[in-house]
Amino acid sequence: MIQSRWTCIGAFVLAVFVGCAEAPLRGEATPRRVAVALVDEGCDTEANFRCLCKGTVGDAAPHLEEVGVDLEVLRDSGWPCVPGDFDQDGEQDYAFPGAGYSCNQSVPVRVLFTRGGSAREVQTLPRELSCLQRYVSKDASMPPGQGLVDWGEGNATWLYRFDGQGWLVTSHLSEAR
């Protein structure tokens, strides 16, 4: 009888210890999840530069606020966004243009890379963009995968492809569109 009590107490202490080991320490923030989706699921980000995403960006919030992304608007009604798998890891990533986005003016763009539903990394594209869309390579001379395209001004189209470390940027004539 006494031995079974000690066994129960030992099991309880072990359960509490294991439970506490998995919980964050006091004052340590739990990583918040990224939960973003297109407002209109039918919006084709390869053809439309005005698709909106709605949701929350977890720990990436301060990085997006730096370029003027209004997190309240993103959460409640939607913010311009281009979802895609830009690092080719099978996880959804998101490109968010900054405040003032339109095809009439260039703005900074932040790309939120995710892993397991959380923010993995946020990077800034090397140039400001005006007309942002998802680019899926159909050209046999280019590696397969997704990137971003800016149908820019002055007859210049800029392609952005992530190589795992940084952005490869190439310029092409807009007539090639």
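Numbers here simply count residues along the sequence, with the first being 1.
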Hey, mind stepping through Leu71 and Glu65 against side-chain contact (heavy atoms from CB on, under 4.5 Å) and telling me if it holds? CA-CA 7 Å; Leu71 299 177; Glu65 285 179 311; 3.4 Å; yes

Walk me through whether Val111 and Leu148 qualify under side-chain contact (heavy atoms from CB on, under 4.5 Å). CA-CA 10 Å; Val111 179; Leu148 294 164; 4.1 Å; yes

Could you go step by step and tell me if Val109 and Leu132 meet the side-chain contact (heavy atoms from CB on, under 4.5 Å) rule? CA-CA 9 Å; Val109 174; Leu132 180 64; 4.1 Å; yes

Which is it for Arg115 and Glu121 under the salt bridge (Lys or Arg N to Asp or Glu O under 4.0 Å) test, yes or no, and what are the steps along the way? CA-CA 9 Å; Arg115 179 172 291 136; Glu121 181 179 6; over 6 Å; no

For a side-chain contact (heavy atoms from CB on, under 4.5 Å) check, start with the C-alpha distance between Tyr160 and Arg127, then their side-chain angles and the critical distance, and finish with the verdict. CA-CA 10 Å; Tyr160 300 82; Arg127 295 182 69 252; 3.2 Å; yes

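The ring-ring contact (aromatic ring centres under 6.0 Å, His included) analysis of residues 96-120, with sequence neighbours excluded, yields the pairs Phe113-Phe162. Within the structure, no pair that satisfies the side chain to side chain donor-acceptor pair (under 3.5 Å) test touches residues 69-86, not counting sequence neighbours.
With Cys43, the cysteine Cys51 has an SG gap short of 2.5 Å.
For the pair Val122 and Leu112, the tightest heavy-atom approach, listed with the atom from each and the gap, is CG2-CD1, 4.0 Å. Nearest approach of Ala61 to Arg32, heavy atoms of both residues: CB-NH2, 3.9 Å. Scanning both residues, Pro80 and Pro97, for their nearest heavy atoms gives O-CD, 3.3 Å. Nearest heavy atom pair, residue Trp158 against residue Val169, reads CE3-CG1, 3.5 Å. Of all heavy-atom pairs spanning Pro62 and Asp59, the tightest one is CD-O, 3.5 Å. Heavy atoms only, all atoms of each residue included: Arg33 and Gly116 are closest at NH1-O, 2.6 Å.
Separating the CG atom in Asn48 from the CZ atom in Arg50 is a distance of 8.5 Å, to the nearest 0.5 Å. To the nearest 0.5 Å, the span separating OH on Tyr94 from OG1 on Thr45 amounts to 11.5 Å.
In terms of modelled atom types and a separation under 3.5 Å, the side chain of Gln92 and the main chain of Gly84 share a donor-acceptor contact. Checking side-chain atoms of Ser102 against main-chain N and O of Asn104 turns up a donor-acceptor pair under 3.5 Å. Checked by atom type and distance alone, the side chain of Asp150 never pairs as donor or acceptor with a backbone atom of Leu129 at under 3.5 Å. Listed for the Glu46 side chain is no donor-acceptor partner under 3.5 Å among the backbone atoms of Arg134. Side-chain atoms of Arg110 come within 3.5 Å of backbone atoms of His63 as a donor-acceptor pair (strictly under, hydrogens ignored). Remark: side-chain polar atoms of Gln88 are paired, donor with acceptor, to backbone N or O of Gln146 under 3.5 angstrom.
Val36 places none of its side-chain heavy atoms less than 4.5 Å from the side chain of Thr114.
Other cluster members for Val39: Leu52, joined by side-chain heavy-atom distances under 4.5 Å among Ile, Leu, Val, Met, Phe, Trp and Tyr.
Annotation: cation-pi geometry not satisfied between Arg161 and Trp167 (NZ/CZ under 6.0 angstrom from ring centroid, within 45° of ring axis).
Salt bridge absent: Arg120 and Glu91 never bring a charged side-chain N and a carboxylate O closer than 4.0 Å.
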